[in-house]
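Whatever order the structure lists them in is the order used to number ligands and atoms, beginning at 1. Computed over heavy atoms, backbone and side chain alike; hydrogens, waters and symmetry mates excluded.
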Amino acid sequence: MQFPTTRMRRLRKNSNIRDIVRETELDKKDLIYPIFFKQDLEGSQKEEIPSLPGEFRYSLESGIEFAKKLEDAGLKSIIVFGVPLEDDKDEIASPDYADSGIVQKAIRELKKQTDLVVISDVCLCQYTSHGHCGLIKENDDYDSGIEILNDESLEYIAKVALSHARAGADIVAPSDMMDGRVGAIRKTLDENGFYNVEIMSYSAKYASAFYEPFRQAACSSPHKGDRKSYQMDPGNAIEAIRECELDVIEGCDFLMVKPALPYLDVVRMVRDEFMLPLVAYNVSGEYAMIMAAIEKGFLTERAITESLLSIKRAGADLIITNFAPYVLFNELI
Ligand code: PBG
Ligand code: ZN
């Protein structure tokens, strides 16, 4: 059947019709909020993050207060990042697995004071003196003469995950991109009785320019070299399937593609290939771009919900996004 019998515009006639035929919708429960807890902030202190307009680094107390407000507005889950003292950082990320660490404290308080699903980011980069996601060694075969050691790093990454599980994390989310990390974490968690703690693996994490605002926020840039020898090359999509496949074999519970908007093709491929819940990380650069354009009046806030919707339409079940507060408090969904 064709025009004039068929008229596509019939189904777009008014908002009631459009509402009942819409294929994909955003829901509050789809959003996961990334929150920064900073060690040296006290009481009700919070610190603006210049690279992420409208976002803050929180003290333990102010962060918990904010999390409660988000929960009241409909948020279901939160992912916790820590910003430790510069002076405490060392070659082996010691403040990362200290029981008294800022993330461990934040996890305990979130579990005590809210019903949110508490996810913890597991990585070494915010805690190492060199800013890499694993331990390092000089090796001229690598760019900038630095090798990021794989197998040696696994032990430390598993240690971080275990300390987050002990603090009460529901889900641990390794973002380091070392080979074998999901298996190493699963083994350590199981050996210590945490067989019910889930692993949300940053399975296909690209070496992306879109993390820049986050690195400024978390003070986690590598001091020398880059992350290209462990994070994925932006030209590769098929390789993302191999990464996901290995994570599934090693026992992860959620897959993730990161960033989201520049990699929607990868989100769709992973969705079609695997049966696991799929997370997409709408990263800091994606947030900063749209917020900067809104501030200048070049875009309206509809760009926020439209881009989040596109991530869901591509196949993501859950979206980690700095936009969560903006969307919830302004009732955009
Ligand atoms: C640390 C980490 C990064 C992000 C999440 N965890 C940065 C990086 O890999 O350098 C980026 C998040 C964002 O940009 O919003 N491994
Ligand atoms: Zn890292």
Side-chain angles (χ1 to χ4, degrees), residues 31-37 49-57 78-84 89 91-93 95-97 103 119-136 146 148-150 153-154 156-157 160-161 164 171-179 181 185 200-234 243 256-263 279-291 307-308 311 318-326:
L31 306 178
I32 303 175
Y33 181 57
I35 187 165
F36 298 97
F37 283 94
I49 303 174
S51 57
L52 294 170
E55 289 278 88
F56 296 86
R57 299 182 198 97
I78 196 159
I79 179 164
V80 181
F81 293 87
V83 186
K89 297 185 181 186
E91 290 263 314
I92 54 168
D96 206 357
Y97 36 86
V103 164
I119 308 166
S120 70
D121 181 83
V122 173
C123 202
L124 305 188
C125 54
Q126 280 125 271
Y127 304 86
T128 47
S129 43
H130 44 74
H132 278 290
C133 304
L135 309 192
I136 61 169
I146 297 181
I148 288 68
L149 298 168
N150 193 84
S153 301
L154 294 181
Y156 290 88
I157 287 156
V160 175
H164 292 176
I171 303 176
V172 292
S175 65
D176 51 281
M177 288 303 278
M178 300 301 128
D179 286 320
R181 75 220 203 261
I185 291 173
M200 180 185 283
S201 177
Y202 288 65
S203 314
K205 178 175 178 179
Y206 286 87
S208 171
F210 288 90
Y211 307 150
E212 193 52 39
F214 172 97
R215 291 186 191 166
Q216 290 178 25
C219 313
S220 65
S221 295
H223 296 189
K224 197 174 159 206
D226 54 40
R227 306 212 200 287
K228 289 178 185 165
S229 73
Y230 45 110
Q231 298 179 347
M232 286 179 60
D233 191 288
E243 283 285 2
M256 193 193 300
V257 173
K258 177 184 176 189
L261 292 177
Y263 297 87
V279 184
Y281 203 135
N282 179 229
V283 299
S284 56
E286 302 172 45
Y287 173 90
M289 257 186 329
I290 291 181
M291 286 309 260
S307 53
L308 293 174
I311 297 168
L318 295 157
I319 306 170
I320 304 179
T321 180
N322 296 96
F323 283 122
Y326 195 102

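Below 4.0 Å from some heavy atom of C123 lie the following atoms of ligand 1, by number and element: 16 (N). Near R227, with a cut-off below 4.0 Å to any heavy atom, the atoms of ligand 1 are 8 (C), 9 (O), 10 (O).
At least one cation-pi condition fails for K205 and Y281: the charged atom is not both under 6.0 angstrom from the six-membered ring centre and inside a 45 degree cone around its axis.
Distance from atom 4 (C) of ligand 1 to its nearest protein heavy atom, with residue and atom name: K258 NZ, 2.6 Å. Among protein heavy atoms, atom 2 (C) of ligand 1 sits closest to K205 NZ, 3.4 Å. Counting only heavy atoms of the protein, atom 15 (O) of ligand 1 lies nearest to S284 N, 2.7 Å. Residue, atom and distance of the protein heavy atom nearest to atom 10 (O) of ligand 1 are R215 NE, 2.6 Å. The protein non-hydrogen atom at the shortest distance from atom 1 (C) of ligand 1 is C125 SG, 3.4 Å.
In this structure a side-chain-to-backbone donor-acceptor pair under 3.5 Å is missing from S220 to Q126. Here the side chain of R181 pairs a donor or acceptor atom with the backbone of P174 at under 3.5 angstrom.
Seen from the Zn ion (ligand 2), atom SG on C125 and atom SG on C123 lie at an angle near 120° (rounded to 10 degrees).
Side-chain rings of F81 and F214 approach one another, their centers coming within less than 6.0 Å.
Annotation: Q126 places no N or O atom under 3.5 Å from an N or O atom of ligand 1; distance criterion only. By the 3.5 Å distance cut-off applied to N or O atoms, N322 is not counted among the residues near ligand 1.
Between Y263 and Y206, the ring-plane angle classifies as parallel under the 30° and 60° cut-offs.
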